[in-house]
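First the structure, in the form of structure tokens, and then the observations on it.
Model, not experiment: these values are computed from the prediction. Numbering starts at 1 and runs along the sequence shown.
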Amino acid sequence: MTPDTPRPAAGAPKQRSRVRRRLNSALRMFAALVFAGGIYAIVAPGGAQGAAPLTPAAEAGKALYDVSCISCHGANAQGVPGRGPSLIGVGSAAVEFQVETGRMPAARQEAQAERKDPMFTNDQARQLGAFIQELGGGPQLPEGEDFASKGDIARGGELYRINCSSCHAFSGGGGALSSGKFAPTLEPATDRQIYAAMLTGPQNMPVFGDNELSPQDKFDIIAYVQNLKSDSDPGGWGLGRFGPVTEGLAIFLVGVVALVFAALWIAGKS
């Protein structure tokens, strides 16, 4: 080396070595993150479930939901405060009941949603139920339309009087509850609607799950309720079918008046 040859800086090799170490560390960190992300994507259950496609019925239900339900229940059925509750976990049975009976969609929140003419057909109601079912799961109805033929009317009457008559009256005509609420008449209810009401407990009604009333118990109650509609007043004069208290009171008053007049007539003749 001649005196005129420039010397390399003493710190240059150390600086290049330090840069290489940092690059190597960054590459190793990036590779580890990619590896961990790939493993998570493979084994995470949420990712696998989210990728599952909807059935055709649920796809049709989603299209209806996005038009008529999303404003109150949210894009993912998580609910909107002050407008509508979450539908996650309510199941297709609850959706089918509320939509088929016209209670949903609701124009406003009231003490109780009343039955009215439905906006959707039964098939559309079941498509909406299929979408909510696949979105969050929940109670489902058995297949078929005719549940009454599977039940025992006599046993259903016993179960009805124990579990249902205190609200819906012995005749199924309904009755008043507290705070402006009421138990509706069962006259227009179909087999599936009665089963869904017992299974999901809409509004003020308690939930009668399979631990409280087995599926066969529900079939028995449905058989009794539907028999009430066709067997008009099997015990005699129904007096509006408000139940035994009203009928007993009417009979008592009529009987007492008749006895009073009978006693006066006998006294007048003696």
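The cluster map of Ile, Leu, Val, Met, Phe, Trp and Tyr, joined by side-chain heavy atoms under 4.5 Å apart, puts Val260 and Leu253 in the same cluster. Put simply, Leu228 and Leu159 are part of the same group of oily side chains (I, L, V, M, F, W, Y) that touch within less than 4.5 Å, one to the next. When the side chains of ILVMFWY residues are joined at heavy-atom separations under 4.5 Å, either directly or via intervening members, Leu249 and Val256 end up in a single hydrophobic cluster. Taken together through direct or relayed side-chain contacts under 4.5 Å among Ile, Leu, Val, Met, Phe, Trp and Tyr, Met104 and Leu199 form parts of separate hydrophobic clusters. In the hydrophobic cluster analysis, where Ile, Leu, Val, Met, Phe, Trp and Tyr join through side-chain heavy atoms closer than 4.5 angstrom, Phe97 is grouped apart from Ile132.
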Give the C-alpha distance, both sets of side-chain angles, the deciding distance and a yes or no for side chain to side chain contact (heavy atoms under 4.5 Å, CB included) between Tyr224 and Glu158.
CA-CA 9 Å; Tyr224 173 73; Glu158 296 176 3; over 6 Å; no
Evaluate the ring pair (Phe, Tyr, Trp, His ring centres under 6.0 Å) criterion for residues Tyr195 and Phe219: first the C-alpha distance (whole Å), next the side-chain angles of each, then the deciding distance (0.1 Å), finally the verdict.
CA-CA 8 Å; Tyr195 197 109; Phe219 292 152; 5.7 Å; yes
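The shortest non-hydrogen separation linking Gly174 to Ala169 is O-CB, 3.7 Å. Gln226 approaches Thr190 most closely through the heavy-atom pair NE2-C, 3.7 Å. Contact between Val99 and Ala125 at its shortest, heavy atoms only, is CG1-CB, 3.7 Å. Considering all non-hydrogen atoms of both residues, Arg161 and Ser165 come closest at O-OG, 2.7 Å. The two atoms that bring Thr200 and Val207 nearest to each other are O-CG2, 3.4 Å, heavy atoms only. Smallest separation of non-hydrogen atoms from Asp220 and Asp152: OD1-N, 2.7 Å.
Side-chain contact between Phe182 and Glu114 is present, with at least one heavy-atom pair separated by less than 4.5 Å. By the 4.5 Å heavy-atom criterion applied to side chains, His73 and Ser86 are not counted as neighbours. Contact annotation: the side chain of Tyr65 never approaches that of Leu135 to less than 4.5 Å [non-hydrogen atoms, C-beta and beyond]. Looking only at side-chain heavy atoms (C-beta outward), Gln140 and Ser92 come within less than 4.5 Å of each other. A heavy-atom distance below 4.5 Å is not found between the side chains of Leu128 and Glu96. Put simply, the side chain of Pro188 reaches to within 4.5 Å of the side chain of Arg115, judged on heavy atoms. No side-chain heavy atom of Lys181 sits less than 4.5 Å from a side-chain heavy atom of Gln203. The side-chain heavy atoms of Cys167 and Met205, taken from C-beta on, include no pair separated by under 4.5 Å.
In this structure, the separation between CD on Gln124 and CE on Met119 is 9.5 Å, given to the nearest 0.5 Å. For the atom pair CG of Asn76 and CD1 of Ile70, the computed distance is 8.0 Å after rounding to the nearest 0.5 Å. The distance from the CZ atom of Phe120 to the CG atom of Leu64 is 5.5 Å, given to the nearest 0.5 Å. For the atom pair Leu186 CG and Tyr160 OH, the distance stands at 5.0 Å (nearest 0.5 Å). Taking OG1 of Thr185 as the start and NZ of Lys229 as the end, the distance is 8.0 Å to the nearest 0.5 Å. In this structure, CG in Leu213 is found 7.0 Å from SG in Cys164, a value given to the nearest 0.5 Å.
Although no hydrogens or angles enter the test, the distance criterion places a donor-acceptor pair under 3.5 Å between the side chain of Gln133 and the main chain of Gly138. Side chain of Lys218 to backbone of Phe147: no donor-acceptor contact under 3.5 angstrom is found. Looking only at distances, no side-chain donor or acceptor of Gln216 sits under 3.5 Å from a matching main-chain atom of Ser214. Although no hydrogens or angles enter the test, the distance criterion places a donor-acceptor pair under 3.5 Å between the side chain of Lys116 and the main chain of Gly102.
Atom CZ of Arg83 has 12 or fewer neighbouring heavy atoms from other residues, nucleotides or ligands inside a 6.0 Å radius.
Looking only at atom types and distance, the side chain of Thr55 has a donor-acceptor partner in the side chain of Glu134 under 3.5 Å away.
Salt-bridge annotation for Glu145 and Arg126: present, with a side-chain N of the basic residue lying under 4.0 Å from a carboxylate O of the acidic one.
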